[in-house]
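Quick notes on the structure that follows.
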Amino acid sequence: MKPKLDLKKLCEAWRERLAEACHENQARFAEEFLQWFGWADPVPVACPGHMGSIAPVSYLLEREQYGVIAAHFMPPGSLPPPSSLQERGLDFCDATRLLCNATRVMNVRYAFATDFFRGYFYDTMTDELLLGADTPAGISQDMGEVLEQVRVEEGALDEIRRQPRSHSARMLREWMERWFEALNADWQCPEELAWLALDRLVLLRYMAERNSLKRGGWQIRQIFGEMLSAASGRGARGAGHSLVALCHELHAKWHIGLFAPEQRLDATLEQDEVSSPLLHEFCMLSRSKFQLPTILESFNYGEAAEKARVRMIPEVNEERSAYLAKQVVEGIDAARIELDLDGEGYRAIFYWFDQLLALYDRLAGEYENSLDQAQASAPAPDLFAWSEADASRPHALRDPFQHAVEQGIVLYCASPRQQRTARLLFYLHLIERYRSAKSRILRFPSIETALQPRPRMLESDRRRIFEPGVESEWEAM
């Protein structure tokens with residue numbers, strides 16, 4: 001194999017000559033570059049879709065007649081250093097975002113992009129930046145294992161080390177903190193509203209990735225995608241008004257409390273000088289960051305107690321489990337569980353909400369069986385009696401999601417940060433439950449109803465301390 005310094009010298013020579021080179025010469029230099037890694041016969045391909053102003057020269061690198069890497073070559077100086085993007089919490093620049101999307105459309109797993117100086121290597125299925133190099137030496141040293149034909153044929157692509165979830169979570173948090181500072185300090189947006197703006201974007205992206213909201217030809221994925229594309233265009237105007245209008249529409253049509261109009265926040269976001277760069281950068285974040293475990297992990301910072309609440313695994317609560325186990329159809333609408341997030345952590349939301357829905361599902365089955373038995377024992381079919389019995393079905397069994405959120409669970413929060421974290425996580429988990437149940441969202445339950453300030457003493461604390469015959473830690477002392 002050629003010494004690694006050779007690639008650096010080649011790239012420097014090409015960059016000098018490419019400044020005035022034609023497209024054909026760029027292709028010739030690209031093929032020389034690939035030959036350095038052992039690819040003698042790369043397959044030229046055209047990137048599908050609209051590539052804007054970029055003009056890549058692209059090749060398909062095959063293994064066993066199956067394309068595994070799409071290699072894209074840009075003119076010199078077209079790509080920023082990957083390190084400069086990662087310092088801002090970003091995964092893409094404008095060009096690599098387009099190239100990664102085009103590679104995915106081609107049904108090719110990996111995308112390599114270079115301007116003969118910097119290099120990017122993406123997994124297009126997970127949207128992850130796996131490797132980045134700021135220099136030709138970095139390309140040969142850090143990417144040689146995944147670019148060399150021999151190593152690819154040996155399965156090196158399957159051995160690429162992936163960053164842990166904590167890395168993606170930290171990048172997401174740092175991006176949000178940077179924009180929080182900009183909104184709060186540069187645009188005088190109060191702390192609570194600045195965080196609200198960012199939580200709205202996270203929820204929007206989460207719903208759009210899953211296309212959660214559809215109605216009469218209206219799809220959140222299409223609307224949000226078009227808004228992001230418009231914000232990324234040169235001289236884009238109206239991005240702020242579009243963002244605020246979408247938030248208002250989501251509140252009006254789907255009753256999503258997180259998007260309730262906030263006059264001061266709306267006035268800030270309606271300014272294109274704020275929303276255009278905000279939305280543009282938001283496009284440059286990998287969709288792998290918008291998974292519930294990653295978003296939860298992004299709150300793992302600050303004081304030790306708060307970090308513990310993020311990591312805490314729900315413990316068995318025998319009293320609460322026994323309470324749910326003894327519920328029957330007749331009283332289920334009045335059943336309610338209370339979670340102390342200060343002591344139980346945020347994962348308790350997921351666990352106990354699922355337990356509540358499982359209870360509703362079990363009782364719904366019992367109720368259906370009772371209706372069937374009544375019909376079977378009747379001397380003749382009585383549709384009027386069946387209709388009356390069906391109308392008396394408890395609300396928890398008719399609309400379990402709405403009832404569980406608005407009546408069945410209370411989340412006690414001891415601080416504004418806990419309330420903000422719990423609210424966002426509850427929205428995300430609720431969306432996942434709708435998806436798993438394959439249930440269409442007609443309107444969102446009022447999550448704000450479930451969020452309550454933590455009282456100085458919970459009822460469970462009161463019973464433990466004051467009930468006669470119950471030994472407590474206070475008695476032991």
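All values reported here derive from a predicted model rather than from experimental measurement.
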F37 versus I139: any side-chain heavy-atom pair under 4.5 Å?
yes
Which pairs of donor and acceptor atoms, one on a side chain in residues 182-191, lie under 3.5 Å apart (sequence neighbours left out)?
{"residue": "N184", "atom": "ND2", "partner": "C189", "partner atom": "O", "Å": "2.8"}
{"residue": "Q188", "atom": "NE2", "partner": "A185", "partner atom": "O", "Å": "2.9"}

Do the side chain of W39 and the main chain of L147 share a donor and acceptor less than 3.5 angstrom apart?
yes
Whether S276 side chain and E273 backbone form a donor-acceptor pair below 3.5 Å:
no
Point-to-point distance, once rounded to the nearest 0.5 Å, from CZ of R221 to NZ of K214
7.5 Å
Between D115 (side chain) and G77 (backbone), is there a donor-acceptor pair under 3.5 Å?
yes
Is any side-chain heavy atom of R97 closer than 4.5 Å to one of M284?
yes
More than 12 heavy atoms of other residues, nucleotides or ligands under 6.0 Å from CD of E153: yes or no?
yes
Of all residues at least two apart in sequence or in a different chain, which pass the salt bridge (charged side-chain N to carboxylate O under 4.0 Å, His left out) check with D199?
R420
Could you state the interatomic distance from CH2 (W195) to CZ (R417), rounded to the nearest 0.5 Å?
8.5 Å
Looking only at atom types and distance, does a side-chain atom of Y427 sit under 3.5 Å from a main-chain N or O of G257, one as donor and one as acceptor?
yes
Going by the rule side-chain contact (heavy atoms from CB on, under 4.5 Å), which residues pair with D342 if we only count those two or more places apart in sequence or in a different chain?
R309, D340, A414, Q418, R454
Closest heavy-atom pair and its distance - S84, P80
OG-CB, 4.0 Å
By salt bridge (charged side-chain N to carboxylate O under 4.0 Å, His left out), R443 pairs with (sequence neighbours left out) E406
Inter-residue atom distance L201.CG - C247.SG, 0.5 Å rounding:
7.5 Å
Give the intermediate values and the outcome of side-chain contact (heavy atoms from CB on, under 4.5 Å) for residues E306 and Y346.
CA-CA 10 Å; E306 190 63 23; Y346 298 112; 2.2 Å; yes
List in chain and number order the residues that pass salt bridge (charged side-chain N to carboxylate O under 4.0 Å, His left out) with R215, two or more places apart in sequence or in another chain; answer none if no residue qualifies.
none
Side chain to side chain donor-acceptor pair (under 3.5 Å) pairs, two or more places apart, involving residues 294-304:
E297-N300, N300-R311
Exam field: side chain T449 to backbone V405, donor-acceptor pair closer than 3.5 Å:
no
Closest heavy-atom contact between P445 and L430?
CD-CD2, 3.7 Å
Any pair counted as side chain to side chain donor-acceptor pair (under 3.5 Å), so long as it reaches residues 243-254, sequence neighbours left out
W218-E249, H248-D266, E249-K253
Do NZ/NE/NH1/NH2 and the carboxylate oxygens of R151 and E159 come within less than 4.0 Å?
yes
Are the side chain of D91 and the backbone of S286 linked by a donor-acceptor contact shorter than 3.5 Å?
yes
Could you check whether any side-chain N or O of R210 sits under 3.5 Å from a backbone N or O of Y206, counting only pairs where one atom can act as donor and the other as acceptor?
yes
R200 (side chain) donor-acceptor with L258 (main chain) under 3.5 angstrom
yes
Would you kindly say whether Q222 and E226 are connected by a side-chain donor-acceptor distance under 3.5 Å?
yes
For the residue pair Y360 and G408, what are the closest heavy atoms and their distance?
OH-CA, 3.8 Å
Tell me the closest heavy-atom pair linking E448 and R423, and the distance in Å.
OE2-CD, 3.5 Å
Report yes if some heavy atom in the side chain of S446 is under 4.5 Å from a heavy atom in the side chain of H255; otherwise report no.
no
Quick one: side-chain contact (heavy atoms from CB on, under 4.5 Å) partners of P416, sequence neighbours excluded?
none
Any side-chain to backbone donor/acceptor pair from D134 onto P81? Under 3.5 Å, distance only.
no
Please tell me if the side chains of V244 and L265 come closer than 4.5 Å, counting only heavy atoms from C-beta onward.
no
Taking side chain as C-beta onward, heavy atoms only, is L213 less than 4.5 Å from I223?
no
List in chain and number order the residues that pass salt bridge (charged side-chain N to carboxylate O under 4.0 Å, His left out) with R435, two or more places apart in sequence or in another chain; answer none if no residue qualifies.
E432
Any side-chain heavy-atom pair from P314 and F350 closer than 4.5 angstrom?
no
Look at the rings of Y120 and Y122 and say which category their plane angle falls in: under 30° parallel, 30 to 60° tilted, over 60° perpendicular.
parallel
Give a yes or no on whether the backbone of A239 and the side-chain of D272 come within a donor-acceptor separation of less than 3.5 Å.
yes
Are the side chains of V108 and V45 in touch, meaning some heavy atoms are under 4.5 Å apart?
no
Here's a test for you: under salt bridge (Lys or Arg N to Asp or Glu O under 4.0 Å), which of R109, R161, R104 qualifies with D123?
R109
Rounded to the nearest 0.5 Å, what separation is found between the CD1 atom of I256 and the CE atom of M207?
4.0 Å
Applied to residues 43-61, the salt bridge (charged side-chain N to carboxylate O under 4.0 Å, His left out) test, sequence neighbours excluded, yields none
Under the side-chain contact (heavy atoms from CB on, under 4.5 Å) rule, collect the residues that match up with L157, sequence neighbours excluded.
V68, I69, Y110, F121, V146, V152, I160
Count the heavy atoms of every other residue, nucleotide or ligand shown that sit under 6.0 Å from CD of Q452, and state whether that count exceeds 12.
yes
May I have the step-by-step check of side-chain contact (heavy atoms from CB on, under 4.5 Å) for F29 and V57, ending in yes or no?
CA-CA 10 Å; F29 298 142; V57 171; over 6 Å; no
The side chain to side chain contact (heavy atoms under 4.5 Å, CB included) partner of F92 among N101, D127, L98, L99 is D127
For E281, what residues pass the side-chain contact (heavy atoms from CB on, under 4.5 Å) criterion, not counting sequence neighbours?
R88, L90, W175, R178, W179
Could you walk me through whether F426 and I409 pass the side-chain contact (heavy atoms from CB on, under 4.5 Å) test, one step at a time?
CA-CA 11 Å; F426 202 0; I409 194 168; 4.2 Å; yes
Run N211 and F224 through side-chain contact (heavy atoms from CB on, under 4.5 Å) and show every step you take.
CA-CA 10 Å; N211 210 17; F224 190 57; over 6 Å; no
Strictly under 6.0 Å, is that where the ring centroids of F73 and F33 end up?
yes
Spacing of CD belonging to Q419 relative to CD belonging to E192, to within rounding of 0.5 Å:
8.0 Å
Minimal non-hydrogen separation, P453 against Y412, with atom names:
O-CD2, 3.5 Å
Restricting to non-hydrogen atoms, name the atom on P400 and the atom on L357 that form the minimum distance, rounded to 0.1 Å.
O-CD2, 3.9 Å
Any side-chain heavy-atom pair of L172 and F290 under 4.5 Å
yes
